[in-house]
Amino acid sequence: MLLRFANLSLLVLFPVAWFAPLMKAGLLPLFKLSEISVVSGLQSLWGTDVLLALTVTFFALFAPYIKTLGLALVQFGLLKPVVLPALNILGKLAMADIFLIALYITLAKGIGVGRLETAWGLYLFTACIIASLVIGILTKQSLTKSQIGSQST
């Protein structure tokens, strides 16, 4: 029951994380920093590089949300556990987005042209992705235990 609640809470937390500020960036230290979220970053990408925007949209929005919905369907018995390996792959693809954000932050700080600060949304988004991975693993374990228990009786 706790796994179901935790997974369903991700359906609310993911959209919050998409609009939360991931980082604050500015060209010069004297000027105000602009907040960048997943959604605002995607809006910028759509204007400059559509292929990259599609890729990041899939990694950041669709992969984690589809995985969470699929996991909920498995947990409530509406989808067979056979899909768990595919859902696990979706979770790993979503983690790739976190890696890219961290890489961009590292590169931007290394260049030293402007100022860049991480914001609370980056930690929320990362926590959601990691929680989704852990919930997936625990769901698979609980389903395996219940199948073993039903076979032995």
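By convention here, the first residue in the shown sequence is residue 1.
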Note to self: Set out, in order, the CA-CA distance, both residues' side-chain angles and the distance that settles side chain to side chain contact (heavy atoms under 4.5 Å, CB included) for F125 and I130, then state yes or no.
What the structure shows: CA-CA 9 Å; F125 189 55; I130 292 171; over 6 Å; no
Notebook entry, point to check: Do you know which two heavy atoms are closest between C128 and F14, and how far apart they sit?
Noted result: CB-CE2, 3.5 Å
Margin query: Whether the side chain of T126 engages the backbone of Y123 through a donor-acceptor N/O pair (distance < 3.5 Å, no angle test) should be reported.
Written below: no
Item checked: Shortest non-hydrogen separation from L133 to G91 and the atoms involved -> CD2-C, 3.7 Å
Check: Is L78 reachable from L69 through a run of I, L, V, M, F, W or Y residues, each pair having side-chain heavy atoms under 4.5 Å apart?
Finding: yes
Margin query: Closer than 3.5 angstrom, by distance alone: can the side chain of R4 be matched with the main-chain N or O of A72 as a donor-acceptor pair?
Written below: no
Margin query: Working to the nearest 0.5 angstrom, can you tell me the gap between T68 OG1 and Q75 CD?
Written below: 9.5 Å
Item checked: Separation of I36 CD1 from L122 CG (nearest 0.5 Å) -> 11.5 Å
Notebook entry, point to check: If you measure from CG on L79 to CG on L84, what distance do you get to the nearest 0.5 Å?
Noted result: 8.5 Å
Next item on the list: Please list, chain by chain and in numerical order, all residues satisfying side chain to side chain donor-acceptor pair (under 3.5 Å) with S40, sequence neighbours excluded.
Entry: S37
Next item on the list: Please report the shortest heavy-atom distance between I129 and P64, naming the atom on each side.
Entry: CD1-CB, 3.8 Å
Next item on the list: For residues P21 and A119, report the shortest heavy-atom separation together with the two atoms involved.
Entry: O-CB, 3.1 Å
Item checked: Heavy-atom donor-acceptor pair, W18 side chain to L13 backbone, under 3.5 Å -> no
Check: So which heavy atom on S142 is nearest to which on L3, and how close?
Finding: OG-CD1, 4.2 Å
Next item on the list: Begin with the C-alpha distance, continue with both residues' side-chain angles, and end with the deciding distance and a verdict on side chain to side chain contact (heavy atoms under 4.5 Å, CB included) for L22 and T118.
Entry: CA-CA 6 Å; L22 296 174; T118 56; over 6 Å; no
Checklist line | side chain to side chain contact (heavy atoms under 4.5 Å, CB included) partners for F62, two or more places apart | finding: T57, F58, I66
Checklist line | Partners meeting side chain to side chain contact (heavy atoms under 4.5 Å, CB included) with V12 (sequence neighbours left out) | finding: none
Next item on the list: Indicate yes or no for a side-chain donor-acceptor contact from N88 to the backbone of G136 under 3.5 Å, with no hydrogens or angles considered.
Entry: no
Next item on the list: Could you give me the CA-CA distance, side-chain angles and deciding distance for W46 and L54, then say whether side chain to side chain contact (heavy atoms under 4.5 Å, CB included) is met?
Entry: CA-CA 8 Å; W46 280 106; L54 283 170; 3.3 Å; yes
Note to self: Given 3.5 Å as the limit, does a donor-acceptor pair link the side chain of Y65 with the main chain of L11, or not?
What the structure shows: yes
Notebook entry, point to check: If you round to the nearest 0.5 Å, how far is CG of L138 from CG of L71?
Noted result: 10.0 Å
Item checked: Set of residues satisfying side chain to side chain contact (heavy atoms under 4.5 Å, CB included) with respect to I89, sequence neighbours excluded -> L93
Notebook entry, point to check: Hey, any chance I135 and I137 share a hydrophobic cluster, counting ILVMFWY side chains that come within less than 4.5 Å of each other, even indirectly?
Noted result: no
Next item on the list: Tell me, please, which residues at least two apart from F59 pass ring pair (Phe, Tyr, Trp, His ring centres under 6.0 Å).
Entry: none
Next item on the list: First locate atom CH2 of W120, then atom CE of M23, and finally report the distance between them rounded to the nearest 0.5 Å.
Entry: 14.0 Å
Margin query: Under the rule for side chain to side chain donor-acceptor pair (under 3.5 Å), what residues qualify as partners of S132, not counting sequence neighbours?
Written below: K67
